[in-house]
Amino acid sequence: MDQYRKKIEQSLASAYPDTEIVFTEPPDPTMGDISIPCFTLAKTLRRNPSVIASDLAEVISKDPELHFVKKTENSGGYLNIFIDKPLLVKDIITAILSQGPAYGSSSSGRSARAIVEHTSINPNASPHVGRARNALIGDCIVRLLRFEGYEVEVHYFVNDIGKQIAMLLLGAMQKSGHPDPAISSCRSGLPGSPDFSVNSEGSGGKNIRFEDLLDIYVAINKKAAEDPDIEKQVFSLLYALENGDSQIRGSFRTLVNTCIDGQSAIFEKLGIKYDVFDYESDYIYKGTAAAVLEMLRQTGKLEEDEEGRLALNQSEYSLPLKAPYLVLTRKDKTSLYPLRDIAYTMDKIRSAPDMNIVVLGEDQKLYFRQIAAALDLLGYKAPEPVHYSFVLLAEGKMATRKGNVVLLEDFMNEAVSKATAEIRKRRDCSDPAAASAIGFGAVKYAILRASNDKNVTFDWDSALSFEGESGPYLQYSLARINSIFKRSGEVLQADPEKIDYAVLSDPLEIELAKEAAAFPSAVRSALKSYSPHIIAGYVYGLTKKFSVFYHECPVLNAESDELRMARLCLIEAVRQVILNCFGLLGIEPVDIM
RNA sequence: GUCCCAGUGGCCUAAUGGAUAAGGCGGCAGAUUCCGGAUCUGCUGAUGCGGGUUCGAUUCCUGCCUGGGACGCCA
């Protein structure tokens, strides 16, 4: 459709220079394939829209280049254009089949380097479905960029330092039977305090399992709320960590890696992979955080408050803050998260200056503007943030530290066991591979279908629905296409170029082909706004049209051989586009469901 | 208090300022001698409230209401 629009645009441009032609699609296919609203033109040209439409029609009919235009209709200020159907269908199908897996890509990446940072969950527990939204959106963006030809490196920022992780470590030490006296003797927070590492032999950490972390984390947070001593112990741990206590450092790293391994195993099941794990603590050990602090000091905007904390004055950036400061250190000059984040982000920018994306929850919106301002002060162009809203529960918000969450893993397990049951119901057998693909497909679709900035209320029933607009519906449609080819016993011997597409005259066939042809523009708009839901919605629309076609237009039992071949080509093209969408969403095809 | 995001049938979701607001779930009524009924067909039913801009507003501006998020010592 794009190429037709372009040609029409060129043709009209010579007749109407300096006016922009806007194209839309008529609400009903019987009204045409392309439409030009003439109202804005009417205003600039000071003529009736209907007259303008007639004029445009005149120009179009006289241009031999526009032979593909079958007819035009003037409809209340809109000029509706009908494309020659056999030509249209042929163009669509041959384009899809010749480009195959690359169909829909405009290769805008051209091997340029890109970094996408996503997930970056605190390594304190198994991820809940809210965190999963970050990973799924991020992963889809990665897939879109790769589809467009970018050389993408996926980064995960491991927040392995800070109060919450120290809290978890403390909880782990207590849980693993670490003697309390050793902990209390550390309260002074002085370097050289007695050993309370958990990774050396004999003391706990090793036997802490990923599955236990959430309980430990919840328990210690509860305890801390009652006992102020806990916080003091936490700060001593942090002090020791920042000041190079290698055993403490080892304890942190062991615990954090237990968590990261557990988390990435879960995400890997969903097809989400990371290229680089960046450890936040390294920015302290390597001295980069300190170096950045020094750079900021050079700008003259770093101020020390009466308590001794260092904060960046951001008043010139007019951020909607109560006080325009970004606090970078505690009063003991240990770093706060923003400082480490700035140092880290600078690394990423140096590595991929042109395409640098970070996926962040909406709670980070203002914070990220502060980071961007700090980077700007240092002459760095901040990454492009992609924000998303939180997943809520019917009973309220999710909070890891309170323990009222739906874990992604539980969601995945429920979905897979439901898929297993459904398969047994239909085929009376077990098929673990298909069950996983179906269950995980349902999980991904359920999370990706809503636009990023919309709150999602998680509800088990609808999240686990395998009917209607769902992942399994998509896979089912594809399985049906595959099934037709399996039964046909022949793989398209005919050259798609030589098929007579004029036999595809049913409106359902033409609509299906046109829907398939809308894929490239869906990719463009998904990428433009970093919105996976556009792809999700698009592929659902395509499979929906296929289902209708499937019921009305028999392929294998078509009235004639010509029609049969043409329909086979059509569904082969549809299959290709569905597969390309699956590649973008990370949903696996299933042959037999 | 200030700032950001969202408000669409009973529930969930869609719609580059364009024509009759598109789907899913639920409910009701149907479809299988014929390529897979995880499907399809029909019915039911919606733009929070008030102004404004526009030939035209779910979309832009503005006031209010509701929900989510944020606003130097968490990350």
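Everything numeric here is computed off the predicted structure, so don't read it as measured data. So you know, we letter chains A, B, ... as the sequences are listed, proteins then strands, and number each from 1.
Between G36(B) and Arg427(A), no contact under 4.0 Å exists linking OP1 or OP2 to a side-chain N or O. Side-chain nitrogen and oxygen atoms of Arg487(A) include none within less than 4.0 Å of the OP1 or OP2 phosphate oxygen of C34(B). Side-chain nitrogen and oxygen atoms of Tyr337(A) include none within less than 4.0 Å of the OP1 or OP2 phosphate oxygen of A75(B). The phosphate of G36(B) (OP1 or OP2) has no side-chain N or O of Lys486(A) nearer than 4.0 angstrom. The phosphate of G24(B) has OP1 or OP2 within less than 4.0 Å of a side-chain N or O from Lys544(A). Regarding contacts with the backbone of C12(B), every side-chain N or O of Arg449(A) stays at 4.0 angstrom or more from both OP1 and OP2. Side-chain N/O atoms of Arg480(A) include one lying less than 4.0 angstrom from OP1 or OP2 on G37(B). Close to G7(B), at under 4.0 Å from its OP1 or OP2, lies a side-chain N or O of Lys454(A). An OP1 or OP2 oxygen of A15(B) is reached within less than 4.0 angstrom by a side-chain nitrogen or oxygen of His533(A).
Looking at heavy-atom distances under 4.0 Å, Ser35(A) makes contact with a base. Using a 4.0 Å heavy-atom distance criterion, Asn80(A) is classed as a base contact. Nucleic acid contact for Gly162(A): sugar-phosphate only, since backbone atoms but no base atoms lie under 4.0 Å from a heavy atom of the residue. Contacts of Leu366(A) with the nucleic acid, taken as non-hydrogen atoms under 4.0 Å apart, involve only primed sugar atoms and P, OP1 or OP2. If you check every strand for non-hydrogen atoms under 4.0 Å, Tyr476(A) touches a base. Within the nucleic acid shown, Ala42(A) has no heavy atom closer than 4.0 Å to any nucleic acid atom. Among the atoms of the strands shown, none is found under 4.0 Å from any heavy atom of Ser465(A). Here Cys38(A) lies out of heavy-atom contact (under 4.0 Å) with every strand. Here Ser483(A) lies in heavy-atom contact (under 4.0 Å) with a base. Residue contacts shown for Leu474(A) are absent, as no nucleic acid heavy atom lies under 4.0 Å away. Nucleic acid contact for Ala450(A): sugar-phosphate only, since backbone atoms but no base atoms lie under 4.0 Å from a heavy atom of the residue. Nucleic acid contact class of Leu328(A) (heavy atoms, under 4.0 Å, all strands): none. Residue contacts shown for Pro324(A) are absent, as no nucleic acid heavy atom lies under 4.0 Å away. Within 4.0 Å (heavy atoms only), Asp591(A) reaches at least one base atom of the nucleic acid.
Taking 4.0 Å as the cut-off between side-chain N and carboxylate O, Glu231(A) and Lys163(A) count as a salt-bridged pair. A salt bridge is absent between Glu588(A) and Lys444(A); no separation between the charged side-chain nitrogens and carboxylate oxygens falls under 4.0 Å. Using a 4.0 Å cut-off between charged nitrogen and carboxylate oxygen, Asp453(A) and Lys365(A) do not count as a salt-bridge pair. Note on Arg5(A) versus Asp33(A): no salt bridge recorded, every NZ/NE/NH1/NH2 to OD/OE distance being 4.0 Å or above. Using a cutoff of 4.0 Å between basic side-chain nitrogens and carboxylate oxygens, Lys348(A) and Asp278(A) are not scored as salt-bridged. Salt bridge annotation for Lys6(A)-Glu9(A): absent, with no cationic side-chain nitrogen under 4.0 angstrom from a carboxylate oxygen.
Pairing for G7(B) is with C65(B), a Watson-Crick or G-U wobble pair whose two hydrogen-bonding atom distances lie under 3.5 Å. Using the Watson-Crick or G-U wobble rule with both distances under 3.5 Å, C60(B) pairs with G52(B). Across all strands shown, G37(B) has no partner, as no Watson-Crick or G-U wobble contact with both distances under 3.5 Å is found. As the counterpart of A14(B), no nucleotide is assigned, since no Watson-Crick or G-U wobble pattern has both distances under 3.5 Å. U20(B) is unpaired under the criterion used here, namely a Watson-Crick or G-U wobble arrangement in which both key atom distances are under 3.5 Å. The partner of C28(B) is G42(B), by the rule that a Watson-Crick or G-U pair needs both atom distances under 3.5 Å. U2(B) and A70(B) make up a base pair, with Watson-Crick or G-U wobble contacts both under 3.5 Å.
A donor and an acceptor atom, one from each side chain of Arg253(A) and Ser281(A), are located under 3.5 Å apart. Donor-acceptor pairing under 3.5 Å is recorded for the side chains of Asn74(A) and Ser50(A).
Residue Pro320(A) has its side chain nearest to C3(B) when only C74(B), C3(B), U16(B) are considered. With distances taken from any side-chain atom of Phe390(A) to the nucleotides G36(B), G18(B), G69(B), the minimum falls on G69(B). Distances were taken from every side-chain heavy atom of Asp453(A) (C-beta onward) to each of A38(B), A75(B), A6(B); the shortest belongs to A6(B). In the set G24(B), A75(B), A38(B), the nucleotide with an atom closest to the side chain of Glu469(A) is G24(B). Of the candidate nucleotides A38(B), A75(B), A19(B), A75(B) has the atom nearest to the side chain of Asn159(A). In the set U54(B), C71(B), G18(B), the nucleotide with an atom closest to the side chain of Lys43(A) is U54(B). Among the nucleotides U41(B), G24(B), G72(B), the one closest to the side chain of Tyr540(A) is G24(B). Closest to the Asp363(A) side chain, of the nucleotides A38(B), U16(B), A70(B), is A70(B). The nucleotide whose nearest atom lies closest to any side-chain atom of Tyr550(A) is, among G24(B), G36(B), U41(B), G36(B). Among the nucleotides A75(B), A38(B), U41(B), the one closest to any side-chain atom of Tyr367(A) is A75(B).
Judged by ring centres under 5.5 Å apart and planes tilted less than 30 degrees, Tyr473(A) fails to stack against the six-membered base ring of A38(B). Under the stacking criterion of a centre-to-centre distance below 5.5 angstrom and an interplanar angle below 30°, Phe39(A) sits stacked against the six-membered ring of G18(B).
Residue-to-nucleotide contacts include no donor-acceptor pair under 3.5 Å from the side chain of Asp160(A) to the base of A75(B). Below the 3.5 angstrom threshold, one finds no donor paired with an acceptor across the side chain of Gln364(A) and the base of G69(B). Looking at Arg426(A), its side chain comes within 3.5 Å of the base of A38(B) through a donor and an acceptor atom.
With a glycosidic angle no further than 90° from 0, G72(B) counts as syn.
Along RNA chain B, the nucleotide closest to Phe23(A) and the one closest to Pro554(A) are compared, and the more 5′ of them pairs with Phe23(A). Comparing Val555(A) and Ser451(A) along RNA chain B, the residue whose closest nucleotide (by nearest heavy atom) sits nearer the 5' end is Ser451(A).
Under the 30°/60° scheme for interplanar angles, the aromatic rings of Phe157(A) and Tyr344(A) are found to lie parallel.
A distance below 6.0 Å separates the ring centres of Phe411(A) and Phe458(A).
Across the P atoms, C11(B) and U53(B) are found 33 Å apart, a figure rounded to whole Å.
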